[in-house]
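Working notes, beginning with the structure itself.
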Amino acid sequence: MAANNRRMSGKKGAQVGSGGQRRRGLEGKGPTPPAEMRKGHAKQRAAQAKARRAQGRTTQRRGGRSASELVVGRNPVVEALRGGVPASTLYVQQFIDNDERVREALQLAAERGGINLMEAPRPELDRMTNGLNHQGLVLQVPPYEYAHPEDLVAAAHDEGEDPLIVALDGVTDPRNLGAVVRSVSAFGGHGVLVPERRAAGMTAGAWKTSAGTAARTPVARATNLTRALEAYKKAGVLVVGLAADGEAELGDVEALEGPVVIVVGSEGKGLSRLVGETCDVRVRIPMPGGAESLNAGVAAGIVLYEAARRRS
């Protein structure tokens, strides 16, 4: 009996069932996914790197957006609405004195359409404008969508034309930018290029001076103006800089008949050193009257007229 007990004690005890695990292990798991979708596979890593590079190129091609802007005060708001400045919201103070300018602002906003009308208490408008004298009217201008420098050349080629572009170097007055945009539109140009830093942007003042032409004339913004001009040169576009001591006179420059970017500097300092060295030719505008310089808007208009005359 004892022997039997010893033999019995050597037997295995009750076993827990597999619960179907063995059966599921034998079942198929479907088709093997492509290598690009398999975690840790070399092809997946390569595909992810390619996607990151493509995303980087897309980011670099964006011209970027400006910050939203507020136009403050009764007269500035009315003038902005008259001038066709893009607007998203018109804020009106509660219990405001309903004078002629307030009525005109409300009427212009209603006629334009697409502008939200918001009534706000005075403390809220004070907070929005950092305490400026808003007089009960605040107009919000949406961010401007800048083009990429390459888009200006592409637009010209799409129209079967040689690019005619104006680049501004060190121009900080938005009114000058607006005037240049207007001249580019008038003389058949394909856009304006501005640096991202230390330069005028498409503010409400620039929109107003452009007299509505900013809606159809693109403005591109470059992180580095010199590199953007060098890229234009590689694309076959001649870079012509305006300078009081230029080696050529405007009437003698035949390059204006072909693909060209005209670089205009600030009225006081002119072209910066690096930008001036990047230009293929520096041109002077003859001024028999003896003026030392012209502002950017006037100078660009003169050269654009000459270019349009030669191309016609």
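Model, not experiment: these values are computed from the prediction.
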Trace of the side chain to side chain contact (heavy atoms under 4.5 Å, CB included) decision for Leu193 with Leu168: CA-CA 6 Å; Leu193 175 66; Leu168 301 181; over 6 Å; no

For residues 127-140, run the donor-acceptor check on the side chains, cut-off 3.5 Å, and write out each pair with its distance to 0.1 Å, sequence neighbours left out.
from: Arg127; atom 1: NE; to: Glu124; atom 2: OE1; distance (Å): 3.4
from: Arg127; atom 1: NH2; to: Glu124; atom 2: OE2; distance (Å): 2.6
from: Thr129; atom 1: OG1; to: Leu125; atom 2: O; distance (Å): 2.8
from: His134; atom 1: ND1; to: Gly136; atom 2: N; distance (Å): 2.8
from: His134; atom 1: NE2; to: Asp126; atom 2: OD1; distance (Å): 2.7
from: Gln135; atom 1: OE1; to: Arg74; atom 2: N; distance (Å): 3.0

Would you say the side-chain atoms of [X] pair up with the backbone N or O of [Y], donor to acceptor, closer than 3.5 Å?
| X | Y | value |
| --- | --- | --- |
| Tyr146 | Met202 | yes |
| Arg311 | Leu256 | yes |
| Arg198 | Thr172 | no |
| Asp169 | Ser272 | yes |
| Asp280 | Val240 | no |
| Ser185 | Arg182 | no |
| Arg221 | His148 | no |
| Thr217 | Ala214 | no |

Mind checking side-chain contact (heavy atoms from CB on, under 4.5 Å) for [X] and listing every partner two or more places apart, or none if nothing turns up?
| X | value |
| --- | --- |
| Leu274 | Thr226, Glu277 |
| Ala200 | Pro174, Leu177 |
| Pro218 | Ala147, Leu152 |
| Ala255 | Leu238, Val253 |

Those residues that, when tested against [X], pass side-chain hydrogen bond (donor to acceptor under 3.5 Å, both in side chains) (two or more places apart):
| X | result |
| --- | --- |
| Glu111 | Gln107 |
| Asp97 | none |
| Glu249 | none |

Using 0.5 Å steps for rounding, measure from the [atom1] atom of [X] to the [atom2] atom of [Y].
| X | Y | atom1 | atom2 | value |
| --- | --- | --- | --- | --- |
| Leu225 | Leu271 | CG | CG | 9.5 Å |
| Tyr232 | Glu150 | OH | CD | 8.5 Å |
| Thr203 | Glu69 | OG1 | CD | 5.0 Å |
| Arg103 | Asn98 | CZ | CG | 5.5 Å |

Under a 4.5 Å cut-off applied to non-hydrogen side-chain atoms, are [X] and [Y] in contact?
| X | Y | answer |
| --- | --- | --- |
| Ile262 | Leu242 | yes |
| Val194 | Val171 | no |
| Ile165 | Val237 | no |
| Leu81 | Arg112 | yes |
| Gln94 | Arg122 | no |
| Arg101 | Asn75 | yes |

From CA spacing to verdict: side chain to side chain contact (heavy atoms under 4.5 Å, CB included), Leu229, Val275: CA-CA 8 Å; Leu229 294 175; Val275 169; 3.9 Å; yes

Hphob cluster co-occupancy, [X] + [Y], side-chain heavy atoms under 4.5 angstrom:
| X | Y | value |
| --- | --- | --- |
| Val261 | Val264 | no |
| Val85 | Val180 | yes |
| Leu304 | Leu294 | yes |
| Val92 | Leu108 | yes |
| Leu164 | Val219 | yes |

With Asp162 via salt bridge (Lys or Arg N to Asp or Glu O under 4.0 Å) - residues at least two apart: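 Partners of Asp162 under the salt bridge (Lys or Arg N to Asp or Glu O under 4.0 Å) test: none.
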
Partner residues of Asp158 under the salt bridge (Lys or Arg N to Asp or Glu O under 4.0 Å) criterion, sequence neighbours left out: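 Result, salt bridge (Lys or Arg N to Asp or Glu O under 4.0 Å) vs Asp158: none returned.
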
Looking at every heavy atom in both [X] and [Y], which two are closest together, and how far apart are they?
| X | Y | answer |
| --- | --- | --- |
| Ala179 | Gly297 | CB-CA, 4.2 Å |
| Ala87 | Ile115 | O-CG1, 3.7 Å |
| Trp207 | Gly84 | CE3-O, 4.4 Å |
| Gly201 | Ala206 | O-CB, 3.7 Å |
| Ala243 | Arg282 | CB-NH1, 3.8 Å |
| Gly236 | Pro259 | O-CG, 3.4 Å |

Within residues 76-94 or reaching into it, pairs that qualify as salt bridge (Lys or Arg N to Asp or Glu O under 4.0 Å) - sequence neighbours excluded: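 Every salt bridge (Lys or Arg N to Asp or Glu O under 4.0 Å) pair that includes a residue of residues 76-94, provided the two are not neighbours, is Glu79-Lys208, Arg82-Glu104.
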
More than 12 heavy atoms of other residues, nucleotides or ligands under 6.0 Å from [atom1] of [X]: is that the case?
| X | atom1 | value |
| --- | --- | --- |
| Arg227 | CZ | no |
| Glu247 | CD | yes |
| Arg175 | CZ | no |

Ile302/Glu306 under side chain to side chain contact (heavy atoms under 4.5 Å, CB included): CA gap, chis, key distance, verdict: CA-CA 6 Å; Ile302 292 172; Glu306 179 65 17; 5.9 Å; no

Pairs involving residues 253-266, ordered by first then second residue, that meet side chain to side chain donor-acceptor pair (under 3.5 Å) (sequence neighbours left out):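 For residues 253-266, and leaving out neighbouring residues, the side chain to side chain donor-acceptor pair (under 3.5 Å) pairs sorted by first residue read Glu257-Arg310.
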
